[in-house]
Amino acid sequence: SSELTTAEADWKKVNYYNVYKDIADLLEDEDYDDGSYGPVFVRLAWHASGTYSKKDRTGGSTGGTIRFHPEANYGANAGLHVARERLEPLKKKYPHISYADLYTLAGVVAIQELGGPVVPWRPGRPDAITAAAVAATPDGRLPDAAQGADHVRDIFYRMGFNDQEIVALEGAHALGRCHTDRSGFDGPWNASPTAFTNFLFTELLDNTWVPKKWDGPFQYVDKATGQFMMLPADIAFKTDPKFRQYVEQYAKDQDLFFADFSKAFVKLLELGVQFPEDAPVYQFKPLE
Ligand code: CCH
């Protein structure tokens, strides 16, 4: 709609190859988490997009609404200001890029530069310019990690995904970690949280997952070392037979996982977006 335009954003005036390179340069920082902002960039791109509902066609990355109250302050989005602040200098450097494009592109750059598949990406998402112009999507559209398969299906079916796509997307939990001061949960899913791999699936199947003994929210740790974690929602992918068949396929076949993840992630980042007809699809080459 016409509210979702900005005086500044003009997608045709941006050199996205340069933005890609500059985002890539922001990934590494030995003082942050496991040494990379990549995981939190992927989470930002996903939370910006995952509010979509196919029923009323509201939500999604369009508008860049995740930067405004109330969406920015929804519990599910705790900690994502870290990613937005890291990217802010690029909005200054490239004033014509929309926040909606910048946040989604950051997810693509992170996936690719951390060793994942090429993810085709299109520019042209308009921004909402003021919080007042935003018809905020209600809280509760993103998944609750404390729940199981039924809830996960409710959330992702609302976006228009099927079981196979849901499992593929969940594979992003090979990256990064949980933070007690963000979600309340704690720890990484595996030993290489800054590499995009199929390890979510191999770890799910290869380990025995036991309840973590602590005062925090209910979650699992691997029985052997206690170093790695699974959310209750992650464990649902092992226990639900329909999800599990894809977990087994992706654990065996990283190429299949990469191909399916790329397709599902493209779909996620484009939910509810009406692109300009002449917006090209970029397939950026990984820099490394
Ligand atoms: Fe996720 N995720 N996610 N997730 N997520 C968390 C962290 C990451 C759920 C819950 C959580 C996806 C699906 C789900 C990432 C990508 C994706 C955290 C910890 C919780 C809780 C946040 C914190 O404390 O920092 C649940 C529930 C679901 C589905 O049911 C999907 C889909 C994607 C992307 C395709 C990434 C990456 C992280 C790591 C972030 C970081 O900062 O390291």
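In each ligand, atom 1 is the first atom listed, and ligand 1 is the first ligand listed. Just so it is clear, the values below take in all heavy atoms, side chains as well, and ignore hydrogens, waters and symmetry mates.
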Legend entry - Centroid separation Phe161 to Tyr157 less than 6.0 Å: no
Legend entry - Sub-6.0 Å ring centroid separation between Phe257 and Phe196: yes
Inset, instruction - Indicate whether any N or O donor in one side chain lies under 3.5 Å from an N or O acceptor in the other, for Tyr52 and Glu270. - result: no
Inset, instruction - Could you check if a side-chain atom of Leu204 sits within less than 4.5 angstrom of a side-chain atom of Arg244, using non-hydrogen atoms only? - result: no
Inset, instruction - Start with the C-alpha gap between Met229 and Trp189, add the side-chain angles, then the distance that decides, and say whether side chain to side chain contact (heavy atoms under 4.5 Å, CB included) holds. - result: CA-CA 5 Å; Met229 71 94 57; Trp189 284 268; 3.8 Å; yes
Would you list the atom pairs, donor with acceptor, under 3.5 Å between side chains in residues 76-85 and any protein atom, with sequence neighbours excluded?
from  : atom 1 : to    : atom 2 : distance (Å)
Asn77 : OD1    : His47 : ND1    : 2.8
Asn77 : ND2    : Glu71 : O      : 2.9

Nitrogen or oxygen contacts under 3.5 Å, ligand 1 side and protein side:
from     : atom 1 : to     : atom 2 : distance (Å)
ligand 1 : 2 (N)  : His173 : NE2    : 3.0
ligand 1 : 3 (N)  : His173 : NE2    : 2.9
ligand 1 : 4 (N)  : Trp46  : NE1    : 3.1
ligand 1 : 4 (N)  : His173 : NE2    : 2.9
ligand 1 : 5 (N)  : His173 : NE2    : 3.0
ligand 1 : 24 (O) : His179 : N      : 2.8
ligand 1 : 24 (O) : His179 : O      : 3.3
ligand 1 : 24 (O) : Ser183 : N      : 3.3
ligand 1 : 24 (O) : Ser183 : OG     : 2.6
ligand 1 : 25 (O) : His179 : ND1    : 2.6
ligand 1 : 43 (O) : Arg177 : N      : 2.9
ligand 1 : 43 (O) : Arg177 : O      : 3.4

